Amino acid sequence: MSFQAPKGTFDWLPPRSERILAVREALTAPLRAAGYGYIETPVFEDTQLFARGVGESTDIVSKEMYTFPDKAGRSLTLRPEGTAPVVRAVLQHNLHNGQLPVKLWYSGSQFRYERSQKGRYRHFWQVGVEALGSEDPALDAEIIMLGVRGFASLGLKGVRLLLNSLGDKTCRPAYRAALQEFLRGLDLDEDTRARIEINPLRVLDDKRPEVQAQLTGAPLVVDHLCASCKAYHEEVRGLLAAAGIAFEDDPRLVRGLDYYTRTTFEFVHDGLGSQSAVGGGGRYDGLSEMLDGPPLPGVGWALGVDRTFLAMEAEGLVDDTAESRVQVYGVPLGDDARRRMFLLVSELREAGVSADMAFGGKGLKGAMKGADRSGARFALILGERDLAAEAVQVKDLTTAEQTEVPLAQVVDVLKGKVQ
RNA sequence: GUGGGUGUAGCUCAGUUGGCAGAGCGCCAGGUUGUGGUCCUGGAUGUCGAGGGUUCAAGUCCCUUCACUCACCCCA
């Protein structure tokens, strides 16, 4: 085999591929039911959109982007995340000049150039939601609730919700300075020391035990929130609690993208190998302005579709048994029968009965095997004897009962049987 | 970018101190020339990841390389 999927990518094959469609559907159904509209944006964008939107100091921008020049010399980048493109589209088409908030959801591929491991690939899929134009804690609470509903509808029990507030442009600078002062006093490696100056909050997220041990007394954002951020955060918490949404306050929760303000949250699960996040999001009140737009507060999340699938597998929610693909399967014997069966199968499909048939000139035994493996309830056996009688043998594969039905009536008969 | 593990049939994997390339599942055919699943019999499929080296002889030992995988940094 000379070709294989590019490094860090993989193929979805039946029957798992069918189930991933169902996962996407389940994660997005709550969004559609809450008045969010579907948006599709290009898979690639101007590199600067991510550089400015996501932030030059983030790992995503500094080392994980698939960036390439097009033939005219423009620098394009395969999208590493969905929020910046959605905000770009909103600003470009002036959607924010209409009724607010603008409520949108999306579903699609994302790309990050990283060393792959379990739950982390170079090409992955996210379902996302964004609500722009309203600074309303109820909106934060709403989208969080919609994520919780999506996971719950898949039967997932082990998804936990972590919640924090990162403050805003009033209170974050003071906190940032306090944190930097604390961190500079620690014994850290060079890369981490550099991070203190660029994005100190992310140091809190370091998983290494020797780093975590030193962070015990680190100043926490919650203790530095200004009055309005504090009130906002309490309101979000109150709304979630009132709605019966379980969450854990995690004062160390920091997210890797620069645009987050105030509410941040992550959905985590233990079944993803070394990864823990199945989804995450938060408020990004300054993003629009970073993209030369007007002040336009926003809140959103993205859920990892393939990570959600891993979580489901970890909980034993994915069974690998092949589902039945069609209801009826045609078994023709000989060329004349094959031509007639070809038409019959087509008629069945038009009548709303899903149908397949044996191809490749298989013998009866092989064709019946095909019928069995298709999961069809009924096999239609058509040979020369049947053609002469203008009839077809209808065999119920679950009971092995077989009856002869006139060709002229078989579509109606099957239509009745598969109801 | 850094570190560990693994590469043998379509899949999951055995393969002994270096000595004929294997099993299970799957696939195909036959048993049943017009009947699937269960059963029985038979069959096909290999660049042993690739390249080089040692040796009478390498899947096995050595070197290089590639891929996959897990983990770190970081993230969905």
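All values derive from a computational prediction rather than experimental measurement. What you see below is based on every heavy atom in this structure, not just the backbone, and it leaves out hydrogens, waters and symmetry mates. Labels below follow one simple rule: chain letters A, B, ... track the order of the sequence lines, proteins then strands, and each chain is numbered from 1.
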Roughly how far apart, to the nearest Å, are [N] and [M] at atom [atom1]?
{"N": "B:rG26", "M": "B:rC63", "atom1": "P", "answer": "41 Å"}
{"N": "B:rG52", "M": "B:rC40", "atom1": "C1'", "answer": "49 Å"}
{"N": "B:rC48", "M": "B:rA9", "atom1": "P", "answer": "10 Å"}
{"N": "B:rU60", "M": "B:rG49", "atom1": "C1'", "answer": "16 Å"}
{"N": "B:rU17", "M": "B:rA57", "atom1": "C1'", "answer": "15 Å"}
{"N": "B:rC73", "M": "B:rG4", "atom1": "C1'", "answer": "16 Å"}
{"N": "B:rA44", "M": "B:rU6", "atom1": "P", "answer": "33 Å"}
{"N": "B:rG22", "M": "B:rG3", "atom1": "P", "answer": "39 Å"}

Once salt bridge (Lys or Arg N to Asp or Glu O under 4.0 Å) is applied, what residue pairs with a partner in residues 39-57 of chain A remain, sequence neighbours excluded? A:E45-A:R88, A:R52-A:D292
Suppose the criterion is ring-ring contact (aromatic ring centres under 6.0 Å, His included): which pairs have a residue in [range], not counting sequence neighbours?
{"range": "residues 145-165 of chain A", "answer": "A:F151-A:F267"}
{"range": "residues 19-55 of chain A", "answer": "A:Y38-A:W105"}
{"range": "residues 395-419 of chain A", "answer": "none"}

Give each protein N/O atom lying under 3.5 Å from an N/O atom of nucleotides 34-36 of chain B, with the pair distance.
from	atom 1	to	atom 2	distance (Å)
B:rG34	N7	A:R385	NH1	3.3
B:rG34	O6	A:R385	N	2.8
B:rG34	N1	A:D386	OD2	2.7
B:rG34	N2	A:D386	OD2	3.1
B:rU35	O2	A:K395	NZ	3.1
B:rU35	O2	A:Q402	OE1	3.4
B:rU35	N3	A:Q402	OE1	2.6
B:rU35	N3	A:Q402	NE2	3.2
B:rU35	O4	A:Q402	OE1	3.4
B:rU35	O4	A:Q402	NE2	2.3
B:rG36	O2'	A:D372	OD2	3.4
B:rG36	N7	A:K395	NZ	3.2
B:rG36	N1	A:L397	O	2.5
B:rG36	N2	A:D372	OD1	3.1
B:rG36	N2	A:L397	O	2.8
B:rG36	N3	A:D372	OD1	3.4

Quickly work out the A:K63 NZ to B:rU2 P distance and round it to whole Å. 12 Å
Review item, nucleotides 65-72 of chain B N/O atoms under 3.5 Å of protein N/O:
from	atom 1	to	atom 2	distance (Å)
B:rC68	OP2	A:K7	NZ	2.9
B:rC70	OP2	A:K118	N	3.1
B:rA71	OP1	A:S274	N	2.7
B:rA71	OP2	A:K118	N	3.4
B:rA71	O3'	A:S274	OG	3.4
B:rC72	OP1	A:S274	OG	3.0
B:rC72	OP2	A:Q117	NE2	3.4
B:rC72	OP2	A:S274	OG	2.3
B:rC72	N4	A:R120	NH2	3.3

Can you check whether A:R202 has a side-chain N or O nearer than 4.0 Å to OP1 or OP2 of B:rC75? yes
By ring pair (Phe, Tyr, Trp, His ring centres under 6.0 Å) - contacts of A:F10 (at least two apart): A:W12, A:Y121, A:W125
Sequence neighbours excluded, which residues qualify as ring pair (Phe, Tyr, Trp, His ring centres under 6.0 Å) partners of A:Y284? A:Y259
For RNA chain B, find the residues of residues 22-48 of chain A with a heavy-atom distance under 4.0 Å and give them by number; none if there aren't any. none
Only counting residues at least two apart or in another chain, list the ones meeting side-chain hydrogen bond (donor to acceptor under 3.5 Å, both in side chains) with A:R112. none
By side-chain hydrogen bond (donor to acceptor under 3.5 Å, both in side chains), A:R193 pairs with (sequence neighbours left out) none
With a non-hydrogen cut-off below 4.0 angstrom, is A:R195 in contact with a base, only sugar-phosphate, or nothing? sugar-phosphate
If we ignore angles and hydrogens, is there a donor and acceptor under 3.5 Å between the side chains of A:D168 and A:Y232? no
Determine whether the side chains of A:S374 and A:D356 contain a donor N or O and an acceptor N or O closer than 3.5 Å. no
Pairing string, 5' to 3', for RNA chain B - Watson-Crick or wobble contacts under 3.5 Å, brackets [ ] where pairs cross, | to another strand: (((((((..((((.....[..)))).(((((.......))))).....(((((..]....))))))))))))....
